[in-house]
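The figures that follow rest on heavy atoms only: side chains count, while hydrogens, waters and symmetry mates do not. So you know, we letter chains A, B, ... as the sequences are listed, proteins then strands, and number each from 1.
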2 protein chains.
Amino acid sequence: MNDVAAEAGVALKTVSRVVNHEPGVNTATAERVQAAIDRLGYRRNDGARTLRQGRTASIGLVIEDVADPFYSGLSRAVEDIALGHDYLVFTGSSGESPTRERDLVLAFCARRVDGLIIVPAGDDHEYLTPEVDAGIAAVFADRPPGTGPEADTVLCDNTGGSRAGVHHLIAHGHRRIAYVGDSPSIFTAAERLEGYRQALSAAGLPYDEGLVAMGPVDQGRVQADVERLLNSPDPPTALFTGNGRTTVASLRAFASFGPGGRRLGEPHGADVALVGFDDFELADLLKITVVAQDPVGLGRTAAELLFQRLSGDEDAPRRVELPTRLIDRGSGEVRPGA
Amino acid sequence: MNDVAAEAGVALKTVSRVVNHEPGVNTATAERVQAAIDRLGYRRNDGARTLRQGRTASIGLVIEDVADPFYSGLSRAVEDIALGHDYLVFTGSSGESPTRERDLVLAFCARRVDGLIIVPAGDDHEYLTPEVDAGIAAVFADRPPGTGPEADTVLCDNTGGSRAGVHHLIAHGHRRIAYVGDSPSIFTAAERLEGYRQALSAAGLPYDEGLVAMGPVDQGRVQADVERLLNSPDPPTALFTGNGRTTVASLRAFASFGPGGRRLGEPHGADVALVGFDDFELADLLKITVVAQDPVGLGRTAAELLFQRLSGDEDAPRRVELPTRLIDRGSGEVRPGA
DNA sequence: TTGAAAGCGCTAACAT
DNA sequence: ATGTTAGCGCTTTCAA
């Protein structure tokens with residue numbers, strides 16, 4: 001900027017005025033400065049700018065894993081809204097590691113992002129208190145924060161969605177419904193289990209622990225659990241799976257049984273009904289009934305909330321819950337013994 | 001930092017030394033400074049730091065769409081490598097818009113990212129020349145740059161992969177093979193069409209324009225093209241689809257034909273064979289034979305190349321081509337008229 | 001309409 | 001082992 005000023009024969013401040021399109025610059029002067037800018041290939045350094053201005057026009061997004069379609073949909077929504085506000089986005093995947101979540105968040109804070117959108121991996125967020133006190137806005141998405149500062153939170157209606165999905169199976173005559181889900185330590189998994197219990201209870205059905213299989217979502221564990229459930233003396237006639245990856249793992253388990261084995265519910269000639277929490281690509285072709293969440297809505301809402309805060313909103317922290325939607329595709333509309 | 005210095009009764013520079021774990025500070029002094037830091041809740045401002053140091057320890061990643069599984073896999077790989085080097089990542093989706101690609105890249109450059117990884121949407125990259133001249137490293141991924149500065153480029157072996165996929169169909173007896181793909185203006189689409197031609201030519205089969213359907217990947221267009229092809233007087237016995245989204249759209253087209261219509265190739269009782277370029281989740285359950293790319297490898301390689309540049313490598317720009325892998329799953333191993 | 005000076009928060013280079 | 005000074009590139013404030 002100094003060089004440009006020298007080249008154009010004006011003061012530094014005049015260059016700054018031209019670069020920022022501030023009013024009150026003589027057209028001729030402005031042209032002279034612009035010419036110097038072009039000649040020298042000058043481009044403003046936004047880092048220096050934000051240092052002086054005290055805001056960086058950037059936000060940090062910490063999710064579980066960008067490669068997971070649920071979070072990548074959320075990411076895209078956050079990105080679009082941020083870009084619409086002329087903000088840039090730092091993205092980082094925690095991979096369910098609380099340490100990495102914290103490191104990422106603190107690294108973003110050290111860069112003085114104006115705001116954060118966090119899908120928490122851990123449940124201790126005390127580390128955020130000084131940052132929030134220092135003025136960094138934070139919004140939690142998909143899961144609520146643990147200990148630490150109060151903050152806006154956007155969630156799906158996990159319990160309600162799960163209740164609706166299980167109710168759907170009950171309405172189709174099922175009495176023994178298994179729940180296969182993620183580790184109970186994960187917030188959403190616990191909430192969805194609660195919805196399962198509520199639906200059973202509302203229908204006067206007993207809660208049978210033997211029908212509940214929760215744990216890490218890897219093919220081996222899910223497959224073993226599904227096999228064990230179906231081979232038990234009094235097997236379930238329906239499965240409710242607690243998240244997208246579990247649903248897919250269960251489908252692979254069914255596929256592995258081969259032509260002579262148990263088959264997955266289909267409108268014609270099925271033997272086990274299935275409803276999955278969370279929609280996924282090709283669920284339509286596989287005719288899987290699901291309780292759909294809205295990852296894009298989650299990201300959009302979180303980002304909108306954040307930008308409200310950034311424009312000065314000082315109200316009490318909000319908690320928003322987005323509705324889910326049951327999509328009938330066949331696998332959930334099979335009656336027991338059909 | 002000034003406040004901390006005052007609180008601890010030392011000079012600014014001593015605080016800086018403690019914060020950066022520079023050697024040569026008396027243990028007692030360091031402890032006093034650390035206590036002041038804790039008392040005041042001081043956290044270093046990395047923005048100011050990078051301004052002074054001349055490097056930002058951040059890179060910019062511009063892809064087509066984070067929500068696309070191919071690019072989200074690539075993203076995750078880039079993220080992991082960047083974080084391993086203590087770099088932060090700005091991410092942005094261009095949505096195939098050359099303007100948005102440019103705006104994102106230039107915004108990243110204005111923040112003085114040290115490097116860029118770009119999946120180009122446009123083919124004019126002249127706008128990058130001043131940035132590269134100014135010392136910002138750039139690596140192109142998935143597609144080569146158009147006009148503009150020379151830069152490292154990491155691609156898939158599009159032509160070779162496509163040739164292998166079509167050859168696979170020919171080896172199973174097919175003589176009339178349709179190619180359904182993305183718009184020919186997209187680099188990868190053109191390359192894959194070329195592989196298709198090469199495979200036909202190598203087998204002495206004619207290239208029939210009537211069997212080629214390229215265009216935007218929306219369900220309506222793909223479906224119309226697939227229907228037109230299959231209902232033509234001399235229909236193809238096999239389909240080669242040019243990317244993941246086209247494959248999925250084609251599968252939906254087949255599904256829409258209903259029980260009495262044409263069916264997709266399966267090992268038993270099929271009538272149209274299918275091989276798709278690009279693997280996708282659940283392709284295994286749907287038994288779709290694919291030519292798999294390696295999005296994670298693409299991201300990893302691009303990031304590694306970039307960090308080599310950032311650590312001073314000044315060699316001539318490199319062009320890396322990653323191999324593809326044919327995965328037999330059934331849909332591509334059906335013989336004509338089976 | 002234009003400019004001079006101060007300073008955002010930090011580190012590099014050079015004292016002491 | 002510690003401190004001083006200058007300056008990264010910009011904007012803010014105030015003056016002309």
- prompt: For the helix from C:dT1-D:dA16 to C:dT16-D:dA1, how many degrees between its two end axes (five pairs per end), to the nearest 10°?
  reply: 40°

- prompt: Between the base of D:dG7 and the side chain of B:Arg52, is there a donor-acceptor distance below 3.5 Å?
  reply: yes

message: Using the rule given for side-chain hydrogen bond (donor to acceptor under 3.5 Å, both in side chains), can you reason through A:Thr56 versus A:Ser58, listing the C-alpha separation, both sets of side-chain angles and the distance that settles it, and then say yes or no?
response: CA-CA 5 Å; A:Thr56 56; A:Ser58 62; 2.9 Å; yes

message: Less than 4.0 angstrom between a side-chain N/O of B:Gln53 and OP1 or OP2 of C:dA12, yes or no?
response: yes

field: Test: B:Arg318 and B:Asp313 ion pair at under 4.0 Å
entry: yes

- line: From NZ of B:Lys13 across to P of C:dA13 the rounded distance in Å is 10 Å

Separation of atom CZ in B:Arg55 from atom P in C:dC10, rounded to whole Å: 17 Å

message: Distance check needed: D:dT4 C1' versus B:Leu12 CG, whole Å only.
response: 10 Å

query: Under 4.0 Å: is that the gap between some side-chain N or O of A:Thr14 and OP1 or OP2 of C:dT2?
result: no

5' priority, DNA chain D, between B:Ala48 and B:Val10 [closest heavy atom]: B:Val10

- prompt: Rounded to whole angstrom units, what separation is found between the CG atom of B:Asn2 and the C1' atom of C:dC8?
  reply: 12 Å

message: What residues from residues 15-29 of chain B pass a heavy-atom cutoff of under 4.0 Å to DNA chain C?
response: B:Ser16, B:Asn20

- prompt: So with a 6.0 Å cut-off around CD of B:Glu126, is the heavy-atom count from everything else above 12?
  reply: yes

message: Is it the case that the side chain of B:Thr153 and the backbone of B:Ala151 share a donor-acceptor pair, with hydrogens and angles ignored and the cut-off at 3.5 Å?
response: yes

- request: Looking only at side-chain atoms of A:Leu51, point me to the closest of C:dG9, D:dG3, C:dT11.
  value: C:dG9

- prompt: Is any side-chain heavy atom of B:Ile118 closer than 4.5 Å to a side-chain heavy atom of B:Pro145?
  reply: no

- prompt: Is the shortest distance from a Lys or Arg side-chain nitrogen in A:Arg102 or A:Glu131 to a carboxylate oxygen in the other one below 4.0 Å?
  reply: no

field: Sidechain-backbone polar pair: A:Glu191 side chain, A:Asn158 backbone, donor-acceptor under 3.5 Å
entry: no

task: Let me know the distance between CZ of B:Arg44 and P of C:dC8, rounded to the nearest Å.
output: 19 Å

- prompt: Parallel, tilted or perpendicular: which fits the ring planes of B:Phe307 and B:Tyr87, with parallel below 30° and perpendicular above 60°?
  reply: perpendicular

query: Mind checking whether A:His125 and A:Phe140 have parallel, tilted or perpendicular rings, split at 30° and 60°?
result: perpendicular

query: Over how many whole Å does the gap from A:Asp3 atom CG to D:dC8 atom P extend?
result: 10 Å

statement: Whole-Å distance, B:Glu31 CD to D:dT2 P, equals 12 Å

Whole-Å gap separating P (C:dA5) and CE (A:Met1): 18 Å

